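Notes to accompany the following structure.
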Amino acid sequence: MPKFNFASFADFLAMGNYALYVWLSFGLTFVVLFGLWFISNRQQQQFHQQLRVRIAREARVRQHQSQQPSQVQEP
Amino acid sequence: MLFNATKLSCVRQDRILFTDVDIQLSAGDILQIAGRNGAGKSSLLRILAGLSEPSEGALRFQGVDLTKCHDDYAANLCFIGHLSGVQGQLTALENLQFWRACWQLKPADDWQLLATLGLAGLEDIPCQHLSAGQQRRVSLARLWLTPARIWILDEPFTALDQSAIGQLQSHFQQHCANGGAIILTTHQPLPMLAAQLRQLELEYRW
Amino acid sequence: MSIAAVFMATFRRDLRLLARQKSDWLNPLFFFLVVLSLFPLGIGAKPNLLREIAPGIIWIAALLSVLLGAERLFKQDYRDGVLEQLVSARLPLPAYVLAKMAASWCASGLPLIIVSPLLALLLGLSESAFVAVVATLLLGTPLLTLLSALGAALTLSADKGGILLALVILPFYIPLLIFASAAVEQAAFGLPYGAQLAIIAAMLCLALALVPFAVFKALKLNVG
Amino acid sequence: MFKWLDPYAKPQRLYAVCGAWQRVLMPMAWLTLLIGVVWGLGFTPADYQQGDSYRIIHIHVPAAIWSMGAYSSMAIAAFIALVWQIKVAQWAIGAIAPIGACFTLIALFTGSFWGKPMWGTWWEWDARLTSELILLFLYVGVIALQNAFADRETGDKAASLLAMVGVVNLPIIHFSVEWWNTLHQGASITKFAKPSIDPSMLWPLLICMLAFALLLAALTCLRLRTAILQHEQHRSWVRDLAEEPTDAKV
């Protein structure tokens with residue numbers, strides 16, 4: 001196992017005084033990747049939800065049509 | 001059997017317009033596709049004209065599957081959809097010349113034809129200045145020139161006056177008499193064509 | 001032979017339309033001149049500065065003016081239903097596409113070349129640089145027309161066509177922009193620019209081979 | 001010809017296969033990424049020249065490589081869809097494009113952060129960064145074109161056509177930008193030299209590359225499942241699926 005390169009955790013955070021660049025780029029990368037995963041997942045949930053709404057609407061239409069005597073078919 | 005389609009189904013923007021539509025068309029037939037607005041009549045015509053792919057189903061022209069005889073079918077087809085196909089900036093004559101050059105139709109007396117269609121005196125005005133009914137006549141003028149045996153017409157009678165409707169129906173009769181076939185959609189009653197007329201009802205699916 | 005028939009019919013019709021509607025080719029031309037004169041106003045009219053950025057300005061303005069004219073390429077035929085007729089009658093669409101591109105080049109490419117002496121005046125171009133500008137325009141504008149025709153065909157039935165067309169097709173203009181302005185820059189220093197012209201010609205040949213087929217596919221897709 | 005391709009052509013079958021792959025790949029991808037990052041950040045020696053700022057390489061290089069990789073896989077899917085008329089492959093375009101765009105975005109800002117200590121500016125018209133920027137424009141073009149049509153089917157077809165045209169243009173753009181860079185970039189500003197990778201640094205980099213590959217595959221499976229559902233929502237199997245609560249919570 002390669003040894004831990006930094007003397008202390010504080011050095012690790014300082015990252016040889018490039019802390020801003022290193023942590024900013026790694027942080028942003030994770031934000032972007034996690035955001036992409038989260039949005040993709042939410043899109044799937046939203047689709048299922050929209051489909052349920054649509055099925056309910058069709059049921060309502062069918063039920064409404066069956067109640068009324070079927071209208072005279074237009075020419 | 002000039003043309004038949006089996007088990008056609010079409011989905012547009014995630015909505016099923018129609019499924020399992022079968023069509024048989026033999027020489028001399030006129031098939032009217034009826035149905036409420038939004039029932040998919042135009043989509044069905046576009047599929048029959050080979051413009052768009054059906055989700056399922058097969059089309060056969062003279063027994064041969066359409067995918068194998070594209071050009072043969074196209075040569076025998078004249079499709080006039082909602083869009084008139086008439087270019088606004090060109091005059092009626094130039095429009096006819098353009099179509100004759102593209103389809104390589106045999107030369108005919110355009111002036112005489114446009115006159116019979118009631119467009120005397122309007123032949124050399126840009127079509128955008130003509131009324132909707134007159135533009136419709138210019139677009140329908142192709143039916144007098146085309147050698148095609150199958151005509152697929154989407155609402156051909158819209159914006160036409162009584163005399164033009166009568167003239168068009170008699171031309172349809174003549175076309176069917178010498179072995180042609182027509183598929184059309186219209187909300188007009190067609191008294192003169194009752195003999196050969198068959199109906200296909202597309203019901204509106206939610 | 002219906003390929004030649006469709007090509008000639010479409011080409012002759014388009015030229016007649018261009019003659020009738022002068023605005024179709026005058027507007028992009030004036031746009032080109034206006035954009036060109038914006039740069040000195042914006043960046044300052046120091047002669048040597050202008051001469052240095054002249055190649056880039058000319059080509060960016062040319063590119064935008066061809067793009068401007070591109071949107072109407074197939075729109076009118078699509079709305080009138082002419083495209084629908086051509087596809088339903090199985091007429092050779094590539095012939096129609098080539099004729100439209102040729103006519104569109106006459107409308108947007110040719111005027112740029114005709115007006116290029118005026119650029120030499122406006123931007124104080126040297127003699128050799130001006131020759132290079134004309135050479136690159138001769139080779140480059142057909143490529144611009146081909147690519148913009150592809151963009152126009154792809155975004156034909158899209159609702160917000162204009163901006164989308166620019167967004168989709170501008171990245172493909174970049175190689176041409178790089179080599180064309182480089183050629184003019186080389187010429188300004190009196191250096192040979194044959195290599196750049198050769199690369200532009202190569203790109204043009206590649207586009208001539210591939211783009212008409214892609215445009216044909218895009219049109220069928222939009223009409224279907 | 002490709003008989004083994006057929007079972008995947010049926011949307012319902014592909015939906016199930018993608019689900020299975022996604023459940024395996026997603027956790028593996030995140031785990032590999034974590035290992036690679038921690039290893040690269042903490043357990044490798046600093047670069048003698050660039051100090052610790054070079055550690056950004058563990059994100060920048062895989063993202064740049066896989067941004068190109070995603071675009072070419074999009075073009076391959078488009079080619080399959082065109083040649084074998086497999087509709088499902090066309091839907092994959094819409095699934096992969098946003099992922100590729102995110103990878104390009106990551107490659108862009110990590111590249112600029114990495115170059116900042118060297119160049120002193122946040123953005124430098126370096127050949128590779130410029131090519132990445134143009135690749136981002138290509139992705140934006142594909143995504144915008146795909147959503148521009150009322151009919152989902154037309155949008156997918158247009159996007160796949162653009163992807164194929166784009167992949168032909170990628171080398172041309174790359175070559176011309178490289179050439180343009182040498183023209184305008186005097187030798188004075190050293191291009192940020194890739195540090196000589198000695199073995200101890202190589203391993204975490206390879207792991208991160210694998211992690212990005214797994215992530216691309218897993219996210220594609222996830223997004224492709226959504227695309228399949230959207231395209232097949234009139235089918236009965238999708239409607240039955242909507243009745244019962246959503247299964248995979250991955």
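Residue numbers start from 1 in every chain, and the chains themselves are labelled A, B, ... in the order their sequence lines are given, proteins ahead of strands. What you see is a predicted model; the values in this text were computed from it and never measured.
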Subject >> Part of Ile39(A) lying under 4.5 Å from any heavy atom of chain D >> reply: neither
Subject >> From Leu105(D), Val37(D), Ile106(D), residue fulfilling side chain to side chain contact (heavy atoms under 4.5 Å, CB included) relative to Thr29(A) >> reply: Ile106(D)
Original post:
Measuring heavy-atom distances to chain A, does Leu219(D) have an atom under 4.5 Å in its side chain, in its backbone, in both, or in neither?
Top reply: side chain
Original post:
What part of Ile56(D) is in contact with chain A, defined as an atom under 4.5 angstrom from a non-hydrogen atom: side chain, backbone, both or neither?
Top reply: both
Subject >> Thr110(D) and Tyr21(A), any side-chain heavy atoms less than 4.5 Å apart >> reply: no
**OP:** Indicate yes or no: at least one non-hydrogen side-chain atom of His234(D) is less than 4.5 angstrom from one of Arg54(A).
**Re:** no
**OP:** Test side chain to side chain contact (heavy atoms under 4.5 Å, CB included) on Trp37(A) and Ile99(D) and set out the steps.
**Re:** CA-CA 9 Å; Trp37(A) 173 79; Ile99(D) 304 171; over 6 Å; no
Original post:
At what distance, to the nearest 0.5 angstrom, does CZ of Arg42(A) lie from OG1 of Thr226(D)?
Top reply: 12.0 Å
**OP:** Kindly give the heavy-atom pair with the smallest separation between Leu241(D) and His48(A), and that separation in Å.
**Re:** CD2-CE1, 4.3 Å
**OP:** Check each atom of Leu33(D) against the heavy atoms of chain A and say whether the ones under 4.5 Å are side chain, backbone, both or neither.
**Re:** side chain
Original post:
More than 12 foreign heavy atoms under 6.0 Å from CH2 of Trp30(D): is that the case here?
Top reply: yes
**OP:** Tell me, for Arg55(D) versus chain A, whether the close heavy atoms (under 4.5 Å) come from the side chain, the backbone, both or neither.
**Re:** both
**OP:** Go through the steps for Arg223(D) and Gln44(A) under the test side chain to side chain donor-acceptor pair (under 3.5 Å), then give the verdict.
**Re:** CA-CA 8 Å; Arg223(D) 294 184 61 82; Gln44(A) 198 164 35; over 6 Å; no
Subject >> Proximal component of Leu215(D), with respect to chain A [non-hydrogen, under 4.5 Å] >> reply: side chain
Original post:
Is there a side-chain contact between Phe113(D) and Val22(A) (heavy atoms, below 4.5 Å)?
Top reply: no
**OP:** Report yes if some heavy atom in the side chain of Glu58(A) is under 4.5 Å from a heavy atom in the side chain of Arg239(D); otherwise report no.
**Re:** yes
Original post:
Partners of Gln46(A) by side-chain hydrogen bond (donor to acceptor under 3.5 Å, both in side chains), sequence neighbours excluded?
Top reply: none
Original post:
Looking at side-chain heavy atoms only, is the closest gap between Leu20(A) and Lys116(D) below 4.5 Å?
Top reply: no
Subject >> Phe103(D) side chain reached by Val32(A) side chain, heavy atoms, under 4.5 Å >> reply: no
Original post:
What distance do Trp114(D) atom CH2 and Ser25(A) atom OG have between them, rounded to the nearest 0.5 Å?
Top reply: 10.5 Å
Side-chain atoms of residues 134-148 of chain D: list all donor-acceptor pairs with protein atoms under 3.5 Å, sequence neighbours left out, distances to 0.1 Å.
| residue | atom | partner | partner atom | Å |
| --- | --- | --- | --- | --- |
| Tyr139(D) | OH | Ser67(D) | O | 2.6 |
| Tyr139(D) | OH | Tyr71(D) | N | 2.9 |
| Gln146(D) | NE2 | Asp156(D) | OD1 | 2.5 |
| Asn147(D) | ND2 | Ile143(D) | O | 3.1 |

Original post:
Above 12 or not: heavy atoms from other molecules or residues under 6.0 Å from CH2 of Trp91(D)?
Top reply: yes
